Number of protein chains: 2
Amino acid sequence: MVGVANSVTKRERDCLVNLKEKTRAGFPLRLHEIADAMEVKPPTALGIVRRLASKGYAESKGGMVILTESGSARARSILLVHRTFESLFCQSGISSSIACREAGEIDFLIPEKNARLILKRIDSPKVCPHGKPIGDA
Amino acid sequence: MVGVANSVTKRERDCLVNLKEKTRAGFPLRLHEIADAMEVKPPTALGIVRRLASKGYAESKGGMVILTESGSARARSILLVHRTFESLFCQSGISSSIACREAGEIDFLIPEKNARLILKRIDSPKVCPHGKPIGDA
DNA sequence: TAATAACATTAGTGTTATACTAACGTATGG
DNA sequence: CCATACGTTAGTATAACACTAATGTTATTA
């Protein structure tokens with residue numbers, strides 16, 4: 001057990017998730033890809049990436065941005081929480097697009113440990129409403 | 001249906017909930033009571049109260065602070081969401097103190113409408129883990 | 001090779017939310 | 001009348017977010 005200081009902001013969360021989902025075969029993303037995905041200007045994206053870097057979640061060199069091991073783990077954890085709540089919301093009758101949006105507002109605030117317990121409570125679905133696996137990756 | 005711009009910050013949420021829960025018989029709270037409850041200095045509390053006032057959720061005159069009708073409704077809504085998630089967390093095996101803390105991190109981010117759907121999904125408990133009623137007040 | 005296009009980065013601003021201390025105002029009860 | 005209690009202002013600070021404009025840097029291409 002390390003520390004409980006996993007805290008990221010909403011924007012940092014978005015960046016982390018983008019990096020995790022858009023990175024293919026270990027290739028870094030360009031800063032402008034991140035900026036485009038997040039719908040902000042490059043200088044704004046740079047600030048966010050730097051905050052992630054200062055937390056040990058990303059590394060950035062010459063506009064090439066990659067997640068560190070720690071950042072990748074954090075993103076995986078966020079996605080587990082995300083898909084858990086997304087599933088809960090869908091099971092409750094909320095549309096999957098709204099479920100996804102709402103889950104994104106809270107997935108970085110709830111510890112993975114608690115999400116795993118909730119996952120059991122909602123009958124341990126193996127995939128989220130989009131068909132993505134919950135619990136590995 | 002009015003607008004979907006119900007957004008409050010975490011601190012504003014805390015203040016709103018404090019006002020709702022500590023106000024008795026319609027009596028306003030003193031600024032310093034709010035400051036004490038939120039563990040901040042009076043000038044800080046004043047700033048938060050003023051932001052609430054600018055959103056139409058509170059009124060403040062000479063250090064006496066009251067919720068408006070709209071603020072009271074917003075607080076009620078937050079508490080419904082809060083108790084819904086608190087119940088979910090407890091049903092999942094999370095201790096009630098942690099459930100309460102975690103619920104407080106997200107209760108102001110999830111629309112009441114969605115919480116009501118989740119409430120059904122988790123078997124419509126009538127009271128939260130602290131015994132407070134869910135769904136009226 | 002020199003020019004240009006594409007991109008990153010810096011510099012400089014601005015906003016909002018949060019929080020503090022210190023100073024000041026005001027009112028009330030001794 | 002004065003001390004106490006309280007609110008309020010003023011002033012400072014930090015962090016996150018976001019922008020434009022200017023400046024570097026790199027790589028392609030003409």
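Chain naming here is simple, since letters A, B, ... match the order of the sequence lines and numbering starts at 1 in each. None of these values were measured; they are calculated from a predicted model.
- Closest approach of B:Ile110 to A:Ile106, counting heavy atoms only: CD1-CG2, 4.0 Å.
- If you measure from atom CE of A:Met64 to atom C1' of D:dT26, you get 12 Å, rounded to the nearest angstrom.
- If you run side chain to side chain contact (heavy atoms under 4.5 Å, CB included) between B:Phe85 and each of B:Asp107, B:Ile118, B:Leu119, only B:Ile118 comes through.
- Between the CD1 atom in B:Ile94 and the CG atom in A:Asn114 there is a gap of 3.5 Å [rounded to 0.5 Å].
- Whole-Å rounding puts the A:Leu29 CG to C:dC7 P distance at 14 Å.
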Problem - nucleotides 14-24 of chain C: protein proximity per nucleotide (B base, S sugar-phosphate only, - neither; heavy atom, under 4.0 Å) - result: ---SBBBBB--
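- In this structure, A:Phe108 atom CZ and D:dA16 atom P are separated by 13 Å, rounded to whole Å.
- Contact between the side-chain N/O atoms of A:His32 and the OP1/OP2 oxygens of C:dA6 is not found at any separation under 4.0 Å.
- Distance B:Arg30 CZ to D:dT4 P: 19 Å, rounded to the nearest Å.
- At D:dG7, none of the side-chain N or O atoms of B:Arg50 fall inside 4.0 Å of OP1 or OP2 (strictly under the cut-off).
- At the heavy-atom level, A:Leu46 lies under 4.0 Å from base atoms of the strands shown.
- Within the model, atoms CZ of B:Arg83 and SG of B:Cys90 stand 13.0 Å from one another, a figure rounded to the nearest 0.5 Å.
- In this structure, the NZ atom of B:Lys61 is 18 Å from the C1' atom of C:dT26, given to the nearest Å.
- Atom-to-atom distance recorded for B:Arg50:CZ and B:Glu12:CD is 14.0 Å, nearest 0.5 angstrom.
- Atom-to-atom, CD of A:Glu33 to C1' of C:dA6 comes out at 13 Å; the value is rounded to the nearest Å.
- Classification of A:Arg116 and A:Glu112 as a salt-bridged pair holds, one side-chain N sitting under 4.0 Å from a carboxylate O.
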